[in-house]
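Following: one structure in structure tokens, then a few remarks.
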Amino acid sequence: MIPHKIGVFDSGAGGISVLKSLIHSRNFKQIVYYGDTARVPYGVRSAETIVQYSLEALEFFKSFNLDLLVVACNTVSAYGLKAMQEVAPYPIVGVIEPGVLALKNKIPNKDSKILILGTKATIQSKLYSKLLAKEGYHNTFGLATSLFVPIVEEGIFSGEILNATIKHYFALYPHTPEAIILGCTHFPLIADSISQCYNNQPLLIHSGEAIMEYLQNSYTLKTFDDFPEVTFYASDCVEKLEQIAKLWLTK
Ligand code: DGL
């Protein structure tokens, strides 16, 4: 099956950072984006609630006849993915396994220091570190950097407030990592500030790039002449989501 029509699910607007990579690949004809903006953030919620919200998102996609669904949200990928895969009639791909594979392809040294950034829920799940341990990486450290989410939502991508927040969190990890996993949809938007904190030395793993690499390796994809038609849906204020999309997709 060659996937032409795909869905992208995120807890809110953050998944637009992943959508950007999917659009630029020109591997899809149609993309339906759904953000659960009425209930974002998921990253502070319990596992049960995240699973329930993830299954409810499938209800939303029911009428779209998708070929494939991309779960752009790291938090949903950590908790809801399995439950979704069990009931959906089409394949569903999350961002965590692709992120780990992307790192494995780029960082062969298993002694490398890997810093994993994510929401509280993603870090508590330990899924990144478990999958990395399976691949032999033993020097991993998970850091919940929840405040990055509202800062990015506020349209702050650099400057004093962000730098102070980065400093606050990174004080807990007094090393220079070889790689940083940007394990949250919002973090690619502040990648420059994160990287500058370590003199631009670490390799950054971006969920959007990782999932495109994964899809290109796992499926036969067509390359279209035009960018896909993208339709946005949200559980609240779709206009706000569209505004954010305009800003982030051109950033
Ligand atoms: N989309 C979420 C993630 O990638 C971040 C926002 C939230 O907490 O819902 O983990």
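A donor-acceptor pair under 3.5 Å is absent between the side-chain atoms of S207 and the main chain of V18, judged by distance alone. Without hydrogens or angle criteria, S77 side chain to C73 main chain gives a donor-acceptor distance under 3.5 Å. Remark: side-chain polar atoms of D67 are paired, donor with acceptor, to backbone N or O of H4 under 3.5 angstrom. Judged purely by atom type and a 3.5 angstrom limit, D10 has no side-chain atom pairing as donor or acceptor with the backbone of G35. Looking at S235, its side chain does come within 3.5 Å of a backbone N or O of A38 through a donor-acceptor pair. With H206 contributing its side chain and G208 its backbone, the two residues share a donor-acceptor pair below 3.5 Å. The main-chain N or O of R39 is found under 3.5 Å from a side-chain atom of R45 such that the two form a donor-acceptor pair. A donor-acceptor pair under 3.5 Å links the side-chain atoms of Q85 to the main chain of I92, judged by distance alone. Not one N or O on the side chain of N27 forms a donor-acceptor pair closer than 3.5 Å with the backbone of L221. Judged by distance alone, the side chain of R26 and the main-chain N or O of F227 form no donor-acceptor pair under 3.5 Å.
Within the 4.5 Å cutoff, side-chain heavy atoms of V70 are placed close to those of L215. Within the 4.5 Å cutoff, the side chain of F232 has no heavy atoms near those of the I244 side chain. Residues I123 and L143 form no side-chain contact, since every pair of their non-hydrogen atoms from C-beta on lies 4.5 Å or further apart. At a threshold of 4.5 Å between non-hydrogen side-chain atoms, the residues I96 and N74 count as touching. In this structure the side chain of I190 never reaches within 4.5 angstrom of the side chain of H186, judged on heavy atoms. When side chains are defined from C-beta on, I205 does not count as touching I114, because their heavy atoms never get closer than 4.5 Å. Side-chain contact between V100 and Y128: present, with at least one pair of heavy atoms (C-beta onward) separated by less than 4.5 Å. No side-chain heavy atom of L117 sits less than 4.5 Å from a side-chain heavy atom of T122.
Side chain to side chain, D36 and Y42 meet the donor-acceptor criterion of an N or O pair below 3.5 Å. One side chain, E56 or Q52, offers a donor N or O that lies under 3.5 Å from an acceptor on the other. Using a 3.5 Å distance cut-off with no hydrogens or angles, the side chains of T119 and T75 do pair a donor with an acceptor.
The environment of K5 atom NZ is dense: over 12 non-hydrogen atoms of other residues, nucleotides or ligands sit within 6.0 angstrom. Within 6.0 Å of atom NZ in K110, more than 12 heavy atoms from other residues, nucleotides or ligands are found, so the atom counts as buried in its surroundings. Heavy atoms of other residues, nucleotides or ligands lying less than 6.0 angstrom from CD1 of I161 number 12 at most. Within 6.0 Å of atom NZ in K126, 12 or fewer heavy atoms from other residues, nucleotides or ligands are found, so the atom counts as exposed in its surroundings.
Residues F148 and Y169 bring their aromatic ring centres within 6.0 Å. Aromatic pair Y34/F60: centroids less than 6.0 angstrom apart. With ring centers used as reference points, F9 lies 6.0 Å or more from Y53.
Residue pairs meeting the salt bridge (Lys or Arg N to Asp or Glu O under 4.0 Å) criterion with at least one member in residues 133-161, sequence neighbours excluded: K104-E135.
For the pair K106 and E178, the salt-bridge criterion is not met [side-chain N within less than 4.0 Å of a carboxylate O].
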Under 3.5 Å, which donor-acceptor pairs do the side chains of residues 194-204 form with other protein atoms, sequence neighbours left out?
{"residue": "S195", "atom": "OG", "partner": "N200", "partner atom": "OD1", "Å": "3.1"}
{"residue": "N200", "atom": "OD1", "partner": "Q196", "partner atom": "N", "Å": "3.4"}

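Distance check, rounded to the nearest 0.5 Å: CD of E213 to OG of S25 gives 13.0 Å.
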Verdict with supporting geometry, Y219 and V93, side-chain contact (heavy atoms from CB on, under 4.5 Å) = CA-CA 12 Å; Y219 292 87; V93 188; 4.2 Å; yes

